[in-house]
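One structure is given here, and the rest of the page talks about it.
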Number of protein chains: 2
Amino acid sequence: MAAAMASLPGFRSAQEIHAELRRQGEAVGLTTVYRHLQVLSEQGVIDTIRDPSGESLYRQCGSTAHHHHLTCRQCGRSVEVEGRVVEQWAEKVAAEAGFTAVDHTVELFGLCPDHSG
Amino acid sequence: MAAAMASLPGFRSAQEIHAELRRQGEAVGLTTVYRHLQVLSEQGVIDTIRDPSGESLYRQCGSTAHHHHLTCRQCGRSVEVEGRVVEQWAEKVAAEAGFTAVDHTVELFGLCPDHSG
DNA sequence: ACTGGAAATAGAAACGGTTATCATTAACGT
DNA sequence: ACGTTAATGATAACCGTTTCTATTTCCAGT
């Protein structure tokens with residue numbers, strides 16, 4: 001089930017994933033979907049981002065290494081992008097300001113080639 | 001009132017701002033606080049970020065130019081940082097992937113020198 | 001001052017995503 | 001089969017935010 005859940009392409013909300021599973025005949029509850037998503041996320045199996053409205057979106061990614069996403073606002077399709085530049089920049093400004101335990105959130109949202117019209 | 005609202009130091013949630021105003025004697029409603037924050041945010045007078053839990057935080061910033069924030073998880077104190085590097089990186093990866101209308105979210109959260117212990 | 005209408009306001013209710021509760025069901029070892 | 005344990009899912013609670021709507025405030029014109 002975990003596999004089926006994460007096999008959907010692009011970033012999807014928990015509720016979309018739930019609806020899709022139901023459509024496929026899985027008699028799964030919303031609670032279980034949330035629970036599994038949380039576990040999978042903690043294990044690093046799937047990635048979690050937040051769209052501008054604050055909703056959480058999930059997706060199984062190809063790389064388990066640290067990376068960021070460029071996601072389509074329309075269809076959820078996303079590209080994995082890595083940003084050594086960003087990491088270094090984050091570390092630098094944090095050090096300059098004397099902050100510790102710094103974590104960073106970097107999300108890119110736009111329109112993919114199919115939805116640019 | 002708008003002035004009083006934004007005079008608080010550091011990033012604060014709408015509800016914290018509301019509570020603070022009430023403590024100061026202002027008989028203002030939570031609705032009004034949200035409404036003002038929204039207007040001020042649209043006008044670019046204050047900046048809005050989202051903390052890891054998804055809650056919105058507001059602050060009056062020194063610069064009206066585009067910049068990002070390094071914010072203390074404990075006290076909300078924040079440093080304004082500019083990241084030409086990040087902007088350029090974002091533009092580049094977006095162009096390479098053929099995405100348009102790309103917007104980016106870059107937030108840094110950590111512990112300020114006073115709360116690093 | 002008085003009036004009438006537009007704008008602002010505030011409390012309560014609604015909303016939406018997420019999380020907690022808890023009784024039920026499935027799974028497993030003995 | 002049996003008892004124990006973990007997983008499940010319907011429902012309700014939660015919490016920040018938004019909407020609703022009646023009321024109040026503001027102000028121009030008289």
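Naming: A, B, ... by sequence-line order, numbering from 1 per chain.
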Does any donor atom in the side chain of B:T48 or B:S56 lie under 3.5 Å from an acceptor atom in the other side chain?
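No donor-acceptor contact under 3.5 Å links the two side chains.
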Would you check if A:W89 and B:L108 make a side-chain contact, meaning some heavy-atom pair closer than 4.5 Å?
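Touching, per the 4.5 Å side-chain cut-off.
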Could you tell me whether the side chain of A:S116 and the main chain of A:C112 form a donor-acceptor pair under 3.5 Å?
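Checked: pair present.
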For the pair B:H36 (side chain) and B:Y34 (backbone), establish whether a donor and an acceptor sit closer than 3.5 Å, ignoring hydrogens and angles.
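Looks like no, no N/O pair under 3.5 Å.
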Under 6.0 Å between ring centres: does that hold for A:H104 and A:H68?
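They qualify: ring centres under 6.0 Å apart.
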Could you identify which residues of residues 48-56 of chain B place a heavy atom less than 4.0 Å from some atom of DNA chain D, listed by residue number, or say none?
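Within residues 48-56 of chain B, the residues near DNA chain D are B:E55, B:S56.
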Ion pair check, B:D103 and A:R73, cut-off under 4.0 Å:
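A salt bridge is absent here (no side-chain N lies under 4.0 Å from a carboxylate O).
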Against A:H18, only a single residue in A:Q15, A:R22, A:E20 fulfils side chain to side chain donor-acceptor pair (under 3.5 Å); can you say which?
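One option only clears the test, and that one is A:R22.
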Which one of B:R59, B:Q60, B:H69 satisfies the side chain to side chain donor-acceptor pair (under 3.5 Å) criterion with B:D47?
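Going through the options one by one, the only one that passes is B:H69.
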Below 4.0 Å from chain A heavy atoms, what is the first contacting nucleotide of DNA chain D and what is the last?
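Using the under 4.0 Å cut-off, the span is D:dT8 to D:dT11.
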Nearest-Å distance, CD (A:Q15) to P (C:dT18)?
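Distance check: A:Q15 CD to C:dT18 P gives 6 Å.
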Between B:Y34 (OH) and C:dC15 (C1'), how many Å, whole number?
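These atoms are roughly 13 Å apart.
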To the nearest 0.5 Å, what is the distance between CG on A:L57 and CD on A:E16?
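Those atoms lie 7.5 Å apart.
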Quick check for you: to the nearest 0.5 Å, what is the distance between B:S78 atom OG and B:L70 atom CG?
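Atom-to-atom, B:S78:OG and B:L70:CG are 8.0 Å apart.
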Assign a letter to each nucleotide of nucleotides 5-11 of chain C from its 5' end: B, base within under 4.0 Å of a protein heavy atom; S, sugar-phosphate only; -, no contact.
----BBB
